[in-house]
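Encoded as structure tokens, the structure appears first; notes follow it.
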2 protein chains.
Amino acid sequence: MTTGGKRGRRTPARRSGARSHPTRERILDAAERLFAQRGFHGVSIRDITGAADVDVALANYHFGSKQGLLEAVFARRAEELNGERLARLDALLAAGRRKAPTLEEIIDAFTHPLLDRSARGGPGWKSYFALVAEVNNSPEFGGVLMTRTFDQVVQRFIEAIRRALPGCEERDLYWAYHFLSGALTLTFAETGRIDKLSGGVCRSNDLDSVHERLVPFCAAGFRALCVRKGRTRKPPARRSKAAR
Amino acid sequence: MTTGGKRGRRTPARRSGARSHPTRERILDAAERLFAQRGFHGVSIRDITGAADVDVALANYHFGSKQGLLEAVFARRAEELNGERLARLDALLAAGRRKAPTLEEIIDAFTHPLLDRSARGGPGWKSYFALVAEVNNSPEFGGVLMTRTFDQVVQRFIEAIRRALPGCEERDLYWAYHFLSGALTLTFAETGRIDKLSGGVCRSNDLDSVHERLVPFCAAGFRALCVRKGRTRKPPARRSKAAR
DNA sequence: GTCTATAAGATGATAGAC
DNA sequence: GTCTATCATCTTATAGAC
């Protein structure tokens, strides 16, 4: 789980030297794009290797199985993503030795690295996030792949939000994160639905407009849940296993 | 598009009489369940007719094609859903001849019929909403199927929200709806991710807890977008084609 | 690492008997 | 409306030559 290799069987390594874009990467690029467009089952290994212009057998050689290929695609860009997210969070926490970071700053650190890459990172990143959107909403893959790939970092962010909203109940905190996750990933899918619904006023691929609004929308939502009226106030709820 | 039949070719009709659960419905039930579990491409017609315990050829006979079957599954429960949503909205608008409905009441009328059926409507409804979650986040089907099935009703709700938030800009209104849609449909997927993330504090299938929180979360989000500071106030922005 | 060849079976759809 | 039989193609995966 460190460098993103190793999937079930021996990994051939990047011994090929000079080329920074060898067969392995070509297959990952094609798989990323096609999985994003039509989903895991909607694409065959032949579609992928054909698009990558490599031999059919090489996908199985490099990734063991079709599912191994999906997991490799999913893991490839995760490290960079998680790294920048944590760096931003750490910067916020370090800067705010005395003045704690605002909820808006924390949510921004969580969403900006993603929306920025989907908007300006090139077609590979765009496909990657569309795939994340599908996986997040898939009963088949969502529970395992999202958890394995992102939730260690998510825990760090929830911990920061917990401190920004003292007295907030654990359940409210996690459900609010759930809503944020749904709003964020639907954005990545870029289905074009909002374009038609809004009569052209909004465009699915205008991610800067989304980001400008997602942060205040969710920050207000978090606050609304954590200060709801008619609440029996409890002691700070020392999270038991929630923060392992 | 009235009674939910008619998909591309002649429809054999429910002439079989007595039985209220004929072959057609058995196929729809099985397809609904399997499409929800593994997605459109993850299931074969043989899987579906096998689960329905009917002959393989009957799926194509009744629905023309695999895609026709998907569209029939998607349309089957939509009418009841849209009907109750509109009835609730109309009740709100009628009751509030003088006192306009609150944002919370409008959002509740939009989400409650869905969350209530997913929680207590039986396994068919549960599968249906899981399928909606996947379709909403699918670049392949989301833009067409969601628009065709739900967006006429969605427009009515957005119109009501527009009146509850006078002066709100169109773009903010539609993006806020987009966030609501993402939060709502991720809930339907019930992937189990939130269970693990929260260490058991939240459960994916506890939809009553979700509903209790989704309404205030989104209401606060809508308000936050529509009264953002540093905004150049515009005239009520008479929506041109957005409300056809 | 790459390729050919092929195993072994599944796929969506249909024609035509009943 | 239902079923059998079948078409023509595609499916994942692997063995073995180079």
Side-chain angles (χ1 to χ4, degrees), chain A residues 5-32 34-35 37-74 140-141, chain B residues 5-32 34-35 37-74 140-141:
Chain A
K6 294 262 185 310
R7 275 288 143 243
R9 56 156 62 197
R10 99 217 97 112
T11 304
R14 73 280 321 260
R15 179 158 24 118
S16 32
R19 292 287 279 117
S20 84
H21 210 255
T23 304
R24 231 185 110 87
E25 299 293 311
R26 295 174 58 82
I27 295 172
L28 286 171
D29 289 342
E32 185 171 64
L34 292 171
F35 284 157
Q37 281 169 9
R38 303 204 295 273
F40 178 72
H41 296 290
V43 174
S44 71
I45 290 192
R46 284 175 154 78
D47 293 335
I48 293 167
T49 51
D53 203 36
V54 302
D55 192 87
V56 232
L58 294 179
N60 282 302
Y61 172 74
H62 283 285
F63 302 101
S65 69
K66 191 184 174 187
Q67 170 125 7
L69 175 53
L70 171 69
E71 294 178 13
V73 167
F74 215 73
E140 191 178 8
F141 301 111
Chain B
K6 294 262 186 306
R7 275 286 145 246
R9 54 157 62 197
R10 100 218 96 116
T11 303
R14 72 274 327 253
R15 177 154 31 112
S16 32
R19 291 287 279 117
S20 84
H21 211 257
T23 303
R24 229 186 111 87
E25 300 293 310
R26 295 174 57 82
I27 295 172
L28 286 172
D29 289 341
E32 185 171 65
L34 292 171
F35 283 158
Q37 281 169 10
R38 304 203 297 272
F40 178 73
H41 297 289
V43 175
S44 71
I45 291 191
R46 285 173 157 80
D47 293 335
I48 294 167
T49 51
D53 203 34
V54 302
D55 192 88
V56 232
L58 294 179
N60 281 301
Y61 172 74
H62 283 286
F63 304 100
S65 68
K66 191 184 174 186
Q67 169 126 8
L69 175 54
L70 172 68
E71 294 178 13
V73 167
F74 215 73
E140 189 178 9
F141 301 112

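Lettering of chains follows the sequences in order, A, B, ..., and the numbering in each one begins at 1. Since we're looking at a predicted model, the values are computed, not measured.
- For A/Tyr61, the listed nucleotide lying nearest its side chain is C/dG1; candidates were C/dA13, C/dG1, D/dA13.
- Listed by first and then second residue, the salt bridge (charged side-chain N to carboxylate O under 4.0 Å, His left out) pairs involving residues 52-61 of chain B amount to none (not counting sequence neighbours).
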Run the numbers on B/Asn60 and B/Leu69 for side-chain contact (heavy atoms from CB on, under 4.5 Å), then give the verdict. CA-CA 8 Å; B/Asn60 281 301; B/Leu69 175 54; over 6 Å; no
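- Residues from residues 42-57 of chain B lying near DNA chain D, meaning a heavy-atom separation below 4.0 Å, are B/Arg46, B/Asp55, B/Ala57 in numerical order.
- Relative to the side chain of A/His62, the nucleotides D/dA13, D/dC3, C/dT2 differ in distance, and C/dT2 lies closest.
- With A/Lys66 contributing its side chain and A/Val43 its backbone, the two residues share a donor-acceptor pair below 3.5 Å.
- Remark: A/Phe40 engages A/Phe35, A/Phe141 in a ring pair (Phe, Tyr, Trp, His ring centres under 6.0 Å) (not counting sequence neighbours).
- Across the protein-nucleic acid pair, A/Arg26 atom CZ and C/dT2 atom P stand 11 Å apart, rounded to whole Å.
- B/His41 places its NE2 atom 16 Å from the C1' atom of C/dA10, with the value rounded to the nearest Å.
- Following rounding to the nearest Å, A/Asn60 (CG) and D/dA15 (P) show an atom-to-atom distance of 11 Å.
- Residues passing the salt bridge (Lys or Arg N to Asp or Glu O under 4.0 Å) test with A/Asp47, sequence neighbours excluded: A/Arg38.
- Rounding to whole angstrom units, NZ of residue A/Lys66 and P of C/dA10 are separated by 16 Å.
- For the pair B/Phe63 CZ and C/dG12 P, the computed distance is 15 Å after rounding to whole Å.
- With sequence neighbours left out, B/Glu140 forms a side-chain hydrogen bond (donor to acceptor under 3.5 Å, both in side chains) with B/His41.
- Close to D/dT2, at under 4.0 Å from its OP1 or OP2, lies a side-chain N or O of B/Thr23.
- Computed from coordinates, the B/Ile27 CD1 to C/dA13 C1' distance equals 14 Å when rounded to whole Å.
- In this entry the distance linking CG of A/Leu58 with C1' of D/dA13 reads 13 Å, nearest Å.
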